Enquirer: 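Here it is: the structure, laid out below.
What you see is a predicted model; the values in this text were computed from it and never measured. Below, chains carry the letters A, B, ... as their sequence lines are ordered, and counting in each starts from 1.
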2 protein chains.
Amino acid sequence: MKKSVETREKILEAAKKAFAQKGFHGVSMEEIARNAGVKKALIYYYFPSKEDLFFEVWQRSVDEMEESILKPLEGEGNFAKKLKALLKSYVDFVRSRSDTLRLVERERLYREEDGGIWSKIRKRYQELLAKVAGMVEEGKREAEVPGDIDSMATAQFILGSLSTVDQTHLENLQKLIMRGVIRMKENEGG
Amino acid sequence: MKKSVETREKILEAAKKAFAQKGFHGVSMEEIARNAGVKKALIYYYFPSKEDLFFEVWQRSVDEMEESILKPLEGEGNFAKKLKALLKSYVDFVRSRSDTLRLVERERLYREEDGGIWSKIRKRYQELLAKVAGMVEEGKREAEVPGDIDSMATAQFILGSLSTVDQTHLENLQKLIMRGVIRMKENEGG
DNA sequence: TATAGTTTTTACCGACTGGTAAGTAAAAAA
DNA sequence: TTTTTTACTTACCAGTCGGTAAAAACTATA
């Protein structure tokens, strides 16, 4: 890999770790530079501002998350199987990349003066939600999801609840969600 | 009310609003003082440090939340009714005091150098979770909750999922949770 | 009205913040 | 070989941060 790209990548990596732990305002550029083994000014050679750096970190994380949880279910057939696949891949994701998840989830709550990166962040998150909601919508057409349940609500529900629970209980949660969302045929074990 | 208490209260109120919107690190003491109509130094007359101020704000918010969601179900009989009451009061709480909720939920994620207030915060949140988990445990004894579902997981699930969903879909979420948690008798409408 | 205690403001501190200007060594292009 | 570009450092800026000391204003009691 080109050296310059490597350096840029190193900065992004250090920034991601720091932001995930302490949030945007809790981290200084100095700190990121130190952890990346680089002088602070160099960060400004690659990124125009702290906000821009953060945005790239965040955006990559959502992309990574979307890829991880939606790719595995592309081949699946009916809705029940898709949901199962989604939950499984999400659980894997939470287990293996909890930093990324925390980063994505925490920072979308900022209410701050709108405009700037924060509205871009909320918008992108809505896109992700919409994709999951689209899947639930299919489930309704297949009559596997009760019709009185809103797809968007279900999408928020799935992503949100898994992200707040601690890792010990992920499988349990999977069950809870399946039971809530799918119209169960009595004789169809978990 | 005594003037001094009033002033103290005014500061706490301004602090709460600011912290809920921007998080601990996103808010300056100057800003809090300005919004409270007070000089910054006066805050230090009432509170020893920013962390202490924040901790009191946060603690009050959890207490308020616990009171709001657990009180209404003290009179209720069986588990199904209790859960229903809990969900109802929680939904009301989310609607009427979303600031408080956001404050409580956001800040418990901080990983920061441990010790200080952040571990106290996590500990207190665990207490709240434990109380909800206790209720679910009762439900298991009454055979209304499937035995293979962990009580702590369920508690995290209930509090967590409601807090991430947006207000439009709260009632839908209520349904989803009921279906997931309670062993449904087929002929018992929502 | 003098006095003592409480509450609030003024004025400041050193440390740190995000960000920039100027310069440099090495590599690439000419 | 000379010129230009890339990648990076040093040194600094103005502004803000959390926090403090001390004076000033207010209140209560005598």
Enquirer: Is the shortest side-chain N to carboxylate O distance from Arg124(B) to Glu66(B) below 4.0 Å?
Expert: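 Looking at Glu66(B) together with Arg124(B), the answer is yes, because their closest N to O distance falls below 4.0 Å.
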Enquirer: Over how many whole Å does the gap from Glu6(B) atom CD to dT6(C) atom C1' extend?
Expert: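 In whole Å, dT6(C) C1' lies 16 Å from Glu6(B) CD.
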Enquirer: Starting at CD1 of Ile43(B) and ending at P of dG18(D), how long is that distance when rounded to a whole Å?
Expert: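 Answer to the nearest Å: 10 Å.
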Enquirer: Taking the side chain as every heavy atom from C-beta outward, state whether Val145(B) and Thr154(B) have any pair of such atoms under 4.5 Å apart.
Expert: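 No, side chains not in contact.
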Enquirer: Does Tyr45(B) make a side-chain N or O approach to OP1 or OP2 of dT8(C) shorter than 4.0 Å?
Expert: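 For dT8(C), neither OP1 nor OP2 has a side-chain N or O of Tyr45(B) closer than 4.0 Å.
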Enquirer: Can you tell me the distance, in whole Å, between the CG atom of Leu42(B) and the P atom of dT8(C)?
Expert: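 It works out to 5 Å between those atoms.
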Enquirer: With ring-ring contact (aromatic ring centres under 6.0 Å, His included) as the rule and sequence neighbours excluded, what pairs involving residues 133-172 of chain A come up?
Expert: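 Residue pairs with at least one partner in residues 133-172 of chain A: Phe157(A)-Phe157(B).
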Enquirer: Please find out if less than 6.0 Å separates the ring center of Trp118(B) from that of Phe55(B).
Expert: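 No; Phe55(B) has its ring centre 6.0 Å or more from that of Trp118(B).
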Enquirer: Using 4.0 Å as the upper bound for N to carboxylate O, is an ion pair formed by Arg102(A) and Glu107(A)?
Expert: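 Between Arg102(A) and Glu107(A) there is no salt bridge, as every charged N stays at least 4.0 Å from the carboxylate O atoms.
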Enquirer: Checking all strands, does Phe47(A) fall into the base, sugar-phosphate, or nothing category for heavy-atom contacts under 4.0 angstrom?
Expert: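 Result for Phe47(A) = nothing.
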Enquirer: Listed by chain and number, what are the side chain to side chain contact (heavy atoms under 4.5 Å, CB included) partners of Ser96(A), not counting sequence neighbours?
Expert: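 Residues passing side chain to side chain contact (heavy atoms under 4.5 Å, CB included) with Ser96(A): none at all.
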Enquirer: Side chain of Lys39(B): nearest nucleotide among dT10(C), dC8(D), dT7(C)?
Expert: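 Of all the options, the side chain of Lys39(B) is nearest to dT10(C).
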Enquirer: Are Thr7(B) and dT8(C) close enough that a side-chain N or O sits under 4.0 Å from OP1 or OP2?
Expert: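 Yes, such a contact exists.
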Enquirer: All N/O contacts under 3.5 Å from nucleotides 17-22 of chain C to the protein, with atom names and distances to one decimal?
Expert:
{"unit_1": "dG18(C)", "atom_1": "OP1", "unit_2": "Val27(A)", "atom_2": "O", "d": "3.4"}
{"unit_1": "dG18(C)", "atom_1": "OP1", "unit_2": "Lys50(A)", "atom_2": "NZ", "d": "2.9"}
{"unit_1": "dG18(C)", "atom_1": "OP2", "unit_2": "Met29(A)", "atom_2": "N", "d": "2.9"}
{"unit_1": "dG18(C)", "atom_1": "N7", "unit_2": "Lys40(A)", "atom_2": "NZ", "d": "3.1"}
{"unit_1": "dG19(C)", "atom_1": "OP2", "unit_2": "Tyr44(A)", "atom_2": "OH", "d": "2.9"}
{"unit_1": "dG19(C)", "atom_1": "OP2", "unit_2": "Lys50(A)", "atom_2": "N", "d": "2.9"}
{"unit_1": "dG19(C)", "atom_1": "N7", "unit_2": "Lys40(A)", "atom_2": "NZ", "d": "3.0"}
{"unit_1": "dG19(C)", "atom_1": "O6", "unit_2": "Lys40(A)", "atom_2": "NZ", "d": "2.6"}

